[in-house]
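Working notes for the structure below.
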Number of protein chains: 2
Amino acid sequence: MTFINTDELVPGLSIDCVIFGFHEYELKVLLMKMKNSDLWALPGGFVRKDRNVDDEAAVVLELRTGVRDIFLRQFHFFGNVSRNVDGHPEQLVKKEIISPENQAWFEERFVSVGYYALVEHSKVQEPQPDHTSELCAWVSLNDLPELMLDHGLILKKAHHTLRLELNNQPIGLNLLPETFTMPELQALYETVLGKELDRRNFRRKMLSYDILIDTNEKRTGTSHKAPTLYKFDRDKYFTAMQDGFSTAW
Amino acid sequence: MTFINTDELVPGLSIDCVIFGFHEYELKVLLMKMKNSDLWALPGGFVRKDRNVDDEAAVVLELRTGVRDIFLRQFHFFGNVSRNVDGHPEQLVKKEIISPENQAWFEERFVSVGYYALVEHSKVQEPQPDHTSELCAWVSLNDLPELMLDHGLILKKAHHTLRLELNNQPIGLNLLPETFTMPELQALYETVLGKELDRRNFRRKMLSYDILIDTNEKRTGTSHKAPTLYKFDRDKYFTAMQDGFSTAW
DNA sequence: ACAAAAGTGTTATTTCTACACCCATGC
DNA sequence: GCATGGGTGTAGAAATAACACTTTTGT
């Protein structure tokens with residue numbers, strides 16, 4: 001069993017990743033079930049002393065999902081004292097999640113940087129648990145289990161940020177397959193926003209962003225009119241991400 | 001001379017505050033001129049082990065400006081390795097900014113949480129330097145001196161964030177005097193955005209937000225028509241901050 | 001009475017919203 | 001041929017943008 005080597009890590013600093021996926025018309029998050037416990041946790045990690053924090057977040061993402069070079073954004077820094085719960089490290093030792101030698105390291109004041117990622121469900125290999133967890137799985141946002149420490153709060157904040165970002169940025173690349181239909185894209189938006197949108201207006205608005213390419217193919221096999229398959233125009237997509245949609249002033 | 005007691009501080013974690021003020025139709029930032037150096041720095045500090053990071057940022061703000069309970073927002077976490085410049089702590093000791101006993105503590109990997117604040121220039125007492133600085137002063141954004149380490153980058157990022165926030169949130173409270181005229185408010189927006197706006201359309205849009213109260217008084221003393229004085233409707237202002245202006249979806 | 005800046009109104013254009021109808025496909 | 005969901009158009013309302021004239025004030 002390989003426990004972590006705390007010597008090479010920045011003390012008191014952790015990373016928590018809220019990894020969103022979209023599948024079967026539901027928004028899901030990747031969660032880890034802690035070893036010997038009913039509690040779940042966000043995938044996370046620590047920061048090696050010679051690495052950028054942003055890069056370490058990308059490592060966490062890749063370790064759990066196998067994907068890299070995709071949307072991953074720092075969204076909040078969690079620095080409250082109340083995050084540090086008395087007796088928590090002791091519990092971790094008891095459950096064999098960390099080694100006794102490391103307990104002292106975990107007793108220190110910890111702060112955490114929150115990241116959220118959008119990943120295409122289908123591109124992800126079987127989610128990988130680590131040595132602290134017995135399971136790593138996609139869980140629907142509507143059906144969340146009890147989470148460790150303040151991870152519930154972190155998740156909520158990430159979701160809230162994502163909803164706000166919808167107004168300024170395109171989403172969908174990385175969250176949808178390479179090609180997708182307009183109704184699928186709409187379902188994604190509706191799921192993130194938690195409300196229904198008008199089909200016709202959605203289409204018009206989305207097309208006006210000018211980030212979609214009509215592939216001239218259709219998705220067949222359904223017992224109704226075959227919908228057109230679109231893909232993102234990556235150049236325009238990334239430009240839109242940079243510049244944002246907002247034009248208020 | 002009182003140097004810091006590093007024992008009670010969270011190691012490797014600092015706070016940097018970008019404190020914006022608005023004066024004489026210019027956006028300004030509060031900067032500290034380092035002792036025995038031509039370099040300037042953002043006001044900042046460290047985090048006591050038993051304090052929330054957000055609260056410590058408020059302490060930094062109050063120490064420098066004397067104001068409290070005003071807009072102060074965490075905007076980014078800076079965690080790149082490149083922030084930690086070889087030989088920097090040594091320089092700090094040489095310039096008597098930190099004590100030799102503390103040099104080792106400063107040699108550790110440091111990460112930083114960036115905050116920005118909006119403060120009303122006139123409410124601020126004479127900006128207070130600390131034991132690391134010989135001067136604390138308002139500096140125009142158009143006329144920035146050379147800044148220490150990555151502080152220039154942090155400042156730039158804060159300004160960028162502020163510009164984006166304009167679209168979602170009201171600003172002005174804390175940045176303008178208690179009462180102000182519509183042209184003054186417009187000047188603030190123009191300064192932050194770095195572009196001119198149409199007087200008539202600005203007024204209409206601003207009034208449509210429904211966060212202003214007409215005080216029925218005028219600012220006299222100018223050799224032209226006396227402009228109406230407004231103040232913010234605080235309840236509605238804070239509601240607008242919560243909910244945001246954006247209606248995109 | 002004049003310069004300088006505040007205040008107000010209107011119109012054309014664009015965007016948003018709320019709709020209803022037709023079209024393909026598999027059963 | 002019918003149920004299901006995809007695709008398109010349009011008219012009214014609202015927001016935006018561009019623009020010109022009148023008012024107040026100190027000198």
Side-chain angles (χ1 to χ4, degrees), chain A residues 24-26 166-168 170 172 176-177 179-191 193 195-231 240 243-249, chain B residues 24-26 166-170 172 176-177 179-191 193-231 240 243-249:
Chain A
E24 290 170 347
Y25 288 58
E26 279 194 323
L166 263 199
N167 291 317
N168 305 320
L176 292 172
T179 62
F180 50 88
T181 67
M182 190 62 78
E184 283 164 359
L185 182 58
Q186 181 176 344
L188 169 61
Y189 271 73
E190 290 181 338
T191 305
L193 292 168
K195 67 175 174 189
E196 302 201 343
L197 303 169
D198 183 275
R199 269 173 340 118
R200 296 149 285 193
N201 295 337
F202 177 84
R203 160 184 295 270
R204 195 183 353 252
K205 185 159 183 169
M206 193 52 65
L207 288 175
S208 78
Y209 288 157
D210 192 30
I211 54 174
L212 295 181
I213 299 175
D214 186 336
T215 65
N216 290 316
E217 291 175 44
K218 310 262 177 195
R219 162 149 312 147
T220 56
T222 52
S223 82
H224 51 75
K225 183 167 179 177
T228 304
L229 286 167
Y230 292 91
K231 62 179 179 183
D243 301 350
F245 288 146
S246 179
T247 54
W249 288 103
Chain B
E24 290 173 345
Y25 288 58
E26 280 194 325
L166 261 199
N167 292 316
N168 306 320
Q169 313 235 324
L176 291 172
T179 61
F180 49 88
T181 67
M182 190 63 78
E184 283 164 359
L185 182 58
Q186 180 176 345
L188 169 60
Y189 272 74
E190 289 181 337
T191 305
L193 291 168
K195 68 175 174 191
E196 301 200 345
L197 304 169
D198 183 275
R199 270 171 39 231
R200 295 150 286 191
N201 294 336
F202 177 83
R203 160 185 295 268
R204 194 182 356 251
K205 184 156 183 170
M206 193 52 66
L207 289 174
S208 78
Y209 288 157
D210 194 29
I211 53 173
L212 295 181
I213 299 175
D214 186 336
T215 64
N216 290 316
E217 291 175 43
K218 310 262 177 194
R219 162 149 310 146
T220 55
T222 52
S223 84
H224 52 76
K225 185 167 180 177
T228 304
L229 286 168
Y230 292 91
K231 63 179 176 181
D243 301 350
F245 290 144
S246 180
T247 54
W249 287 104

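Being a predicted model, the structure only gives us computed values, none of them experimental. Proteins get letters first, then strands, A, B, ... in listed order; numbering begins at 1 in each.
Nucleotide C/dT17 holds its P atom 14 Å from the CE atom of A/M206, rounded to whole Å. The nearest whole Å value for the distance from the CD atom in B/E196 to the C1' atom in C/dA5 is 14 Å. A/Y230 has its OH atom 12 Å from the P atom of D/dG6, to the nearest Å. Atom-to-atom, CZ of B/R219 to C1' of C/dG7 comes out at 16 Å; the value is rounded to the nearest Å. Atom NZ in A/K205 sits about 11 Å away from atom P in C/dT15, given to the nearest Å. Between the OH atom of B/Y25 and the C1' atom of C/dA5 there is a distance of 10 Å, rounded to whole Å. Taking atom CG on A/N201 and atom P on C/dT15, their separation rounds to 14 Å, with Å as the unit. Taking atom CG of A/L207 as the reference point, atom C1' of D/dG6 lies 14 Å away to the nearest angstrom.
Taking for each of B/L229 and A/S208 the nucleotide of DNA chain C with the nearest heavy atom, the 5'-most of the two is the partner of B/L229. In terms of position on DNA chain D, the residue among A/R200 and A/H224 whose nearest nucleotide sits closer to the 5' end is A/H224. Taking the nucleotide of DNA chain C with the nearest heavy atom to each of A/D198 and A/K225, the more 5' of the two is matched to A/D198.
Taking the side chain as every heavy atom from C-beta outward, B/Y209 and B/M206 approach each other to under 4.5 Å. Side chains of A/T228 and A/T181 form no contact here, defined as non-hydrogen atoms less than 4.5 Å apart. Side-chain contact between A/Y25 and A/E184 is present, with heavy atoms from C-beta onward closer than 4.5 Å. Looking only at side-chain heavy atoms (C-beta outward), A/L185 and A/Y230 stay at 4.5 Å or farther from each other.
The side chain of A/R199 lies closest to D/dG6 when the candidates are C/dG26, D/dG6, C/dC16. Listed candidates were C/dA20, C/dA6, D/dG9. Nearest to the side chain of A/R204 is D/dG9.
In this structure, B/T222 does not reach the D/dG26 phosphate: none of its side-chain N or O atoms is under 4.0 Å from OP1 or OP2. Phosphate contact (OP1/OP2 of C/dG7, side-chain N/O of B/R203, threshold under 4.0 Å): present. Distances shown here put a side-chain N or O of B/T228 below 4.0 Å from the OP1 or OP2 atom of C/dG7.
Taking all atoms of both residues into account, the shortest heavy-atom contact from A/K218 to A/A226 is CD-O, 3.4 Å.
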